[in-house]
Number of protein chains: 2
Amino acid sequence: MTRAETSRKTRHEVLAEFRSGEILAAARRVFARRGYDAATLDEVAQEAGIAKGTLYLYFPSKEEIFWAAVRERMLELRQRAQSAMRQAEGIQARLRAAIAVRGELMRTDAEFMRIYLTEFGHLCAHPTRYRKPFRELYLAMARDLAEVLEAGMKSGELRPGPPLELALTLQFLLRDCFTARYMGVFADDGLNLENFVFELFWCGVRPQSARPHPAVKSAAPPRRLQKTR
Amino acid sequence: MTRAETSRKTRHEVLAEFRSGEILAAARRVFARRGYDAATLDEVAQEAGIAKGTLYLYFPSKEEIFWAAVRERMLELRQRAQSAMRQAEGIQARLRAAIAVRGELMRTDAEFMRIYLTEFGHLCAHPTRYRKPFRELYLAMARDLAEVLEAGMKSGELRPGPPLELALTLQFLLRDCFTARYMGVFADDGLNLENFVFELFWCGVRPQSARPHPAVKSAAPPRRLQKTR
DNA sequence: TATAAAAATGACTCACGGGTCAGTTTTATG
DNA sequence: CATAAAACTGACCCGTGAGTCATTTTTATA
């Protein structure tokens with residue numbers, strides 16, 4: 001076997017990869033619509049335009065399909081966040097970059113977002129085969145952030161605190177605020193979510209100057225409590 | 001029918017209420033262990049020490065049992081939070097009181113906490129019969145908090161900002177941090193969760209004095225990144 | 001104690017969906 | 001084109017669990 005042959009993917013492998021990708025995309029749509037438990041593999045197969053049996057040529061079980069669909073996106077997210085943070089300079093810019101990458105994903109991949117938002121609790125808490133790898137990936141992203149925070153604390157740009165816990169907190173805030181926006185609880189306009197989260201994380205709510213919370217457009221007065229919607 | 005008769009509960013009603021309570025408590029234990037979907041009514045009945053058919057004398061469906069079990073505790077939580085906030089004086093004390101009440105529930109009712117943490121996403125997002133009332137109750141609690149925040153903004157104790165969004169954010173933070181603690185991701189010692197959340201919400205992470213983040217015990221140095229556990 | 005009403009029971013039904021596999025179609029090869 | 005291998009199909013199998021109801025047990029009453 002030549003070098004070229006070992007490094008190049010065979011026609012079969014390329015096709016298999018393509019098909020897997022299609023299946024995972026279809027799966028994300030269905031899991032987003034129904035949630036993990038209510039989703040059926042019949043529906044996933046239909047969505048992917050193949051027969052149910054074919055799913056089992058590419059994946060061994062429903063659980064594996066789900067986890068593969070989620071992992072794919074999480075790995076991408078981590079990659080992008082890492083490189084965005086590396087490119088930025090200074091603690092503020094790095095945090096904003098990390099936030100922006102997550103915001104970007106939320107905006108562009110509604111299916112993944114919905115899965116992430118609704119299944120997060122189960123992903124973390126219930127003893128499925130994929131709980132451990134999920135936690136590890138989630139924690140790894142938090143650790144990437146925590147390194148930035150820790151560097152900021154050393155340089156004096158941040159006040160000292162527990163870096164990993166603060167990093168997790170920031171990840172939580174982002175997920176939650178996007179959930180809330182998605183659910184229609186957060187105002188749809190006049191509130192830049194990424195800015196809102198950054199500002200809160202950075203400054204908190206107490207008054208330190210006459211400057212208003214920058215999440216509010218200066219034109220608009222502080223919003224009044226809104227009715228349920 | 002005399003006045004006394006209309007206001008007093010009959011023996012039958014008292015017993016029925018007691019039995020319902022037992023069922024809901026058993027249901028909370030089972031839903032906490034298994035999650036909504038994996039929980040079976042056979043197990044709930046066994047846990048309650050009754051036959052499955054008996055469940056249906058008190059509740060019409062699995063969904064209703066679940067929602068009744070959750071609602072009961074959420075209503076209690078709201079009551080307690082309201083009265084705690086009313087008793088406290090000043091914005092700081094009121095926020096701390098609201099946090100303390102939630103922390104207290106998390107500490108004393110592990111079953112409810114686990115349900116709340118793991119099913120939150122589904123509760124919010126999926127079109128079940130109980131989604132709307134759940135959202136309303138959750139939002140109502142946020143609005144209670146938001147009123148306090150808004151008063152603080154008017155009095156200048158807080159910088160201006162969107163009150164409902166900030167209130168929701170605080171609720172999110174609390175749930176998430178308790179989830180993290182519960183999952184063993186947050187440090188088990190040296191980190192007072194209620195204090196940590198309050199401080200972050202109040203001050204953010206940027207340096208404003210030499211004072212370290214009070215969430216860290218002064219004796220302990222800032223914690224290093226920890227390995228997955 | 002006799003008897004009727006209320007409460008409780010648990011075996012049963014039935015729809016559902018994950019997973020299988022014998023049979024069919026497509027593709028690769030000589 | 002012939003033939004074998006690979007890919008795909010979907011009807012079927014089977015465990016599961018929500019919800020039912022004929023029967024039994026308990027309670028209230030006269």
Side-chain angles (χ1 to χ4, degrees), chain A residues 5 8-69 119 122 126-130, chain B residues 5 8-69 119 122 126-130:
Chain A
E5 280 170 341
R8 202 195 320 280
K9 278 169 184 154
T10 65
R11 178 184 165 75
H12 160 260
E13 281 168 339
V14 171
L15 283 174
E17 215 164 273
F18 176 72
R19 191 43 77 77
S20 299
E22 280 187 322
I23 291 174
L24 294 185
R28 271 189 295 266
R29 289 195 292 278
V30 175
F31 285 127
R33 269 207 290 284
R34 309 271 182 228
Y36 179 80
D37 283 290
T40 72
L41 291 189
D42 285 291
E43 196 176 353
V44 171
Q46 191 182 17
E47 183 83 28
I50 59 179
K52 182 159 69 162
T54 308
L55 292 177
Y56 286 87
L57 299 176
Y58 295 90
F59 298 95
S61 69
K62 184 182 182 184
E63 243 185 7
E64 284 297 322
I65 292 175
F66 178 73
W67 171 234
E119 302 297 331
H122 287 275
H126 286 298
T128 56
R129 189 171 294 101
Y130 49 75
Chain B
E5 279 169 342
R8 203 195 319 279
K9 279 170 183 153
T10 64
R11 178 184 165 74
H12 161 260
E13 280 168 340
V14 170
L15 282 174
E17 213 164 276
F18 176 72
R19 193 41 80 79
S20 299
E22 279 188 321
I23 290 173
L24 294 184
R28 272 190 295 267
R29 288 194 293 277
V30 175
F31 285 128
R33 269 207 290 284
R34 309 271 182 231
Y36 178 80
D37 283 291
T40 71
L41 291 189
D42 285 291
E43 196 175 351
V44 171
Q46 192 184 15
E47 183 81 28
I50 59 178
K52 181 158 70 160
T54 309
L55 292 178
Y56 286 88
L57 299 176
Y58 295 89
F59 299 95
S61 69
K62 184 182 181 184
E63 243 185 7
E64 285 298 322
I65 291 175
F66 179 73
W67 171 234
E119 303 297 331
H122 287 275
H126 286 297
T128 54
R129 187 170 296 100
Y130 49 75

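A, B, ... follow the sequence lines: proteins, then strands. Residue 1 opens every chain. In what follows, every heavy atom counts, from backbone to side chain, and hydrogens, waters and symmetry copies are set aside.
Here the P atom of nucleotide C:dG18 and the CZ atom of A:F66 are 14 Å apart, to the nearest Å. Rounded to an integer number of Å, the gap from A:R19 CZ to D:dA7 P is 11 Å. Rounded to an integer number of Å, the gap from OH of B:Y58 to C1' of C:dA6 is 10 Å. What separates CG of B:L55 from P of D:dC21 is a distance of 17 Å, to the nearest Å. Between the CD atom of A:E63 and the P atom of C:dG17 there is a distance of 18 Å, rounded to whole Å. As rounded to whole Å, 15 Å separates atom P of C:dG17 from atom CD1 of A:I65. For B:E22 and C:dA7, the CD to P distance is 16 Å, given to the nearest whole Å. C:dA7 atom P lies 13 Å from atom CD1 of B:I23, rounded to whole Å.
Both the sub-6.0 Å distance and the 45° axial angle are not jointly satisfied by B:K62 relative to the ring of B:F31.
Candidate nucleotides C:dG18, D:dG19, C:dT9 were compared by shortest atom distance to the side chain of B:T54, and C:dT9 ranks first. Which of C:dA8, C:dG18, D:dA7 sits closest to the side chain of A:L57 comes down to D:dA7. Distance from the side chain of B:A51 is smallest for C:dG10 among the nucleotides C:dG10, C:dG19, D:dG19.
The aromatic rings of A:Y130 and A:W67 sit parallel to each other, their planes meeting at less than 30°, with 60° as the upper class boundary.
Counting only heavy atoms from C-beta outward, the side chains of B:R19 and B:I50 approach each other to under 4.5 Å.
Remark: B:Y56 is not in phosphate contact with C:dA8, judged by side-chain N or O atoms under 4.0 Å from OP1 or OP2.
The minimum heavy-atom distance between A:V44 and A:A26, with the atom names listed, is O-CB, 4.0 Å.
We find the CG-CZ distance between A:L24 and A:R28 to be 6.0 Å, quoted to the nearest 0.5 Å. Rounding to the nearest 0.5 Å gives a distance of 7.5 Å between OG1 of A:T40 and NZ of A:K52. One finds the NE2 atom of A:H122 at 10.5 Å from the OG1 atom of A:T128 (value rounded to the nearest 0.5 Å).
Interface remark: the A:K52 side chain does form a donor-acceptor pair with the C:dG18 base, using a distance-only criterion of under 3.5 Å.
Looking at residues 34-50 of chain B, you'll see B:A39, B:T40, B:L41 sit with a heavy atom under 4.0 Å from some atom of DNA chain D.
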